[in-house]
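Below, chains carry the letters A, B, ... as their sequence lines are ordered, and counting in each starts from 1.
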Protein chains: 2
Amino acid sequence: MERSFQIDMPKVETFNKEFVLKQATDVFHDKGFNATSMQDLVDATALNRSSIYNSFGSKLDLFLECLKSYKEAHFVRISETLDKAHNPLHAIELLFEYYLNEIIKDKDDKGCLITNCTSEMANQEPSIINFLCSNQNSFIGFLEDLVRKGQEESAINLNRTPNEYALYLFSSIQGFRTAGILISNKSKLQTIAKTIIQTLI
Amino acid sequence: MERSFQIDMPKVETFNKEFVLKQATDVFHDKGFNATSMQDLVDATALNRSSIYNSFGSKLDLFLECLKSYKEAHFVRISETLDKAHNPLHAIELLFEYYLNEIIKDKDDKGCLITNCTSEMANQEPSIINFLCSNQNSFIGFLEDLVRKGQEESAINLNRTPNEYALYLFSSIQGFRTAGILISNKSKLQTIAKTIIQTLI
DNA sequence: ATCTATTTGAAATGAACGTTCCAAATATAT
DNA sequence: ATATATTTGGAACGTTCATTTCAAATAGAT
C-alpha cells in the first residue's frame, strides 16, 4: 500500500527552527539538562508544548539537537578564526584566544555546553555518549592535523606524536573551559593558555 | 531564660554519619545533584526521609556536606600519596598518578565530583560557589607551594612564577579529570599527564 | 471552495519532586 | 521507674515534572 511521496504538504512549519534552537540552547547552557524544565523551554522558545514535542520528539531529543547546533555554530566560528592564522602553531594560539574570548564574554559563567554535558550526562545517556564520543574524535582529529602540519613546518617540537599532542590539547581545552567558570581574570587565563601552548614549542 | 548546656541528652543519633555521607556522596557522584532525587538518597542511606531532613537540613545542605567530605577524603589520600615523594616534582607526578588511578578505578566514568559540580552548579547556587572558590584557592595554594619548592631545588624551571604554574596545573587537572570520563585508555591518559608535567621541567 | 495533513492551544495525565508533619518509638539522665 | 529531648516511620503536603490528548485553527494542493 505505498503512497507516492509528497502529495499534499499542507500547513508547513511556521516557526524559525534556527531561532528556536538558539533559544533552547541558551536555557540548556545556563541551567544544564536536568535543571531545565519543559516549561523553561516553552517560555524561551515561545512555542507551544505540543509543538515542541511534535517538532523535536522529547526533551532529550531537543537537547541533542541543541548540542549539534552548538557544535556546528562553534565549528563555523572557529574555522573563520583559524583562517586568519599565519601557520598551524598560530592557529592553535588563535584557538585558545577564541576560547578566552568566549570565557570573557560569558558573564554568567556557564562554561562550555559540551564540556558541561560531559560532566553531567556522559555516564548516563547512551545517545549523549554517542554524540560526545564522535565530537571528541573529530575534534582530536582536527587538532592532530594542526599539530602534524606544525611539526612539518618545525614550528612544533617532535617530543610527542601529533595524536599525543592532540590528546593533550583536547584535555587542556576542557580544563581551560572548566577553569574559566570560576576564573574570569583575563591575565590569569592568558597565562594558563600560554603555558599550555608553551609545551608544543 | 538561659538553659544550661547539655543537661539531658536522650536519644542520640544512631546512624553512622560517615557511612551515610559516603552512600549519599556515591549517588550524587553518579547522577549529579539535579538528577539525584530525595528517594535515591533515602534508598542509598537507608535513612528515613525525616531523619535526613533532621540531620542535614535540605538536599542542597546534604550535597554540600558530601562535597566537603569528598574533598576531605581525597585530601587525606593525596597527602598520604605525596608523602612518598622524593621531591616536589615527584610529588606532582604522584598527584597525576593518583588521578590516573582514580580514573582507571572509576568503572562508571563518573569523573570528579567537584569538577562535575563546577560544571553543573557554579553559575547557580551561591553556597556551592562559595565552597568551590575556597576549594580552588586552597588547591592552588597547595600547588603553588609544591612548585615553589620544586623551583628552589631547580627541579622545576623558572619560566613561570609558582602561582602561574599552579593555575596551569589546576586547569590541567580539571581537564584531565573531565577527559578521563570519555577516555579510559591508560596509556593515552599517561601520555596526557606526562605532557602536562613536561612543561615544568 | 474543498480537502487534508499538520500545527496549535489549552487542559489533563499520572508520576515524581522536595519538603513537612506528627504520633510513636527510643535512649539518656534523673 | 520516670521524665524528656530527639529520632524515626510513614503518610501527606502542594508543586512541578515530562508527556499526551484532542478539538480547533491553519495553509498548501486540488
| query | Within this structure, what is the CG-to-C1' distance between B:N54 and C:dT19, rounded to whole angstrom? | reply | 12 Å
| note | Of B:Y53 and B:S50, the one whose nearest nucleotide on DNA chain C sits closer to the 5' end is B:Y53
| request: Please answer whether the main-chain N or O of A:I196 pairs with a side-chain N or O of A:Y168 as donor and acceptor at a distance below 3.5 Å. | output: yes
| task | Before accepting this row, confirm whether a basic side-chain N of the pair B:D145/B:K149 lies closer than 4.0 Å to the acidic partner's carboxylate O. | result | no
| said: Centroid separation under 6.0 Å, is that true for the rings of A:F63 and A:F33? | reply: yes
| said: Please report the distance, rounded to the nearest Å, between CG in B:D61 and P in C:dT20. | reply: 11 Å
| Ignoring hydrogens and angles, are the base of C:dG9 and the side chain of A:S51 linked by a donor-acceptor pair under 3.5 Å? | no
| request: Check the pair B:N34, B:T36 against side-chain hydrogen bond (donor to acceptor under 3.5 Å, both in side chains), reporting the backbone distance first and the verdict last. | output: CA-CA 5 Å; B:N34 286 299; B:T36 297; over 6 Å; no
| query | Atom CG of A:N34 and atom C1' of D:dA18: how far apart are they, to the nearest Å? | reply | 12 Å
What's touching nucleotides 11-17 of chain C from the protein side, N or O pairs under 3.5 Å?
unit_1	atom_1	unit_2	atom_2	d
C:dC17	OP1	B:S37	OG	3.3

| How many Å lie between NZ on B:K17 and C1' on D:dT6, as a whole number? | 14 Å
| Donor on one side chain, acceptor on other, B:E144 and B:N163, under 3.5 Å | yes
| field | Stepwise salt bridge (charged side-chain N to carboxylate O under 4.0 Å, His left out) check, A:E102 with A:R77 | value | CA-CA 11 Å; A:E102 287 293 307; A:R77 292 180 53 204; 2.9 Å; yes
| field | B:F28 CZ to C:dG18 C1', straight-line distance once rounded to whole Å | value | 12 Å
| field | A:L47 CG to C:dT8 C1', straight-line distance once rounded to whole Å | value | 9 Å
| query | If you find the nucleotide of DNA chain D closest to B:N48 and the one closest to A:S58, which residue's nucleotide is nearer the 5' end? | reply | B:N48
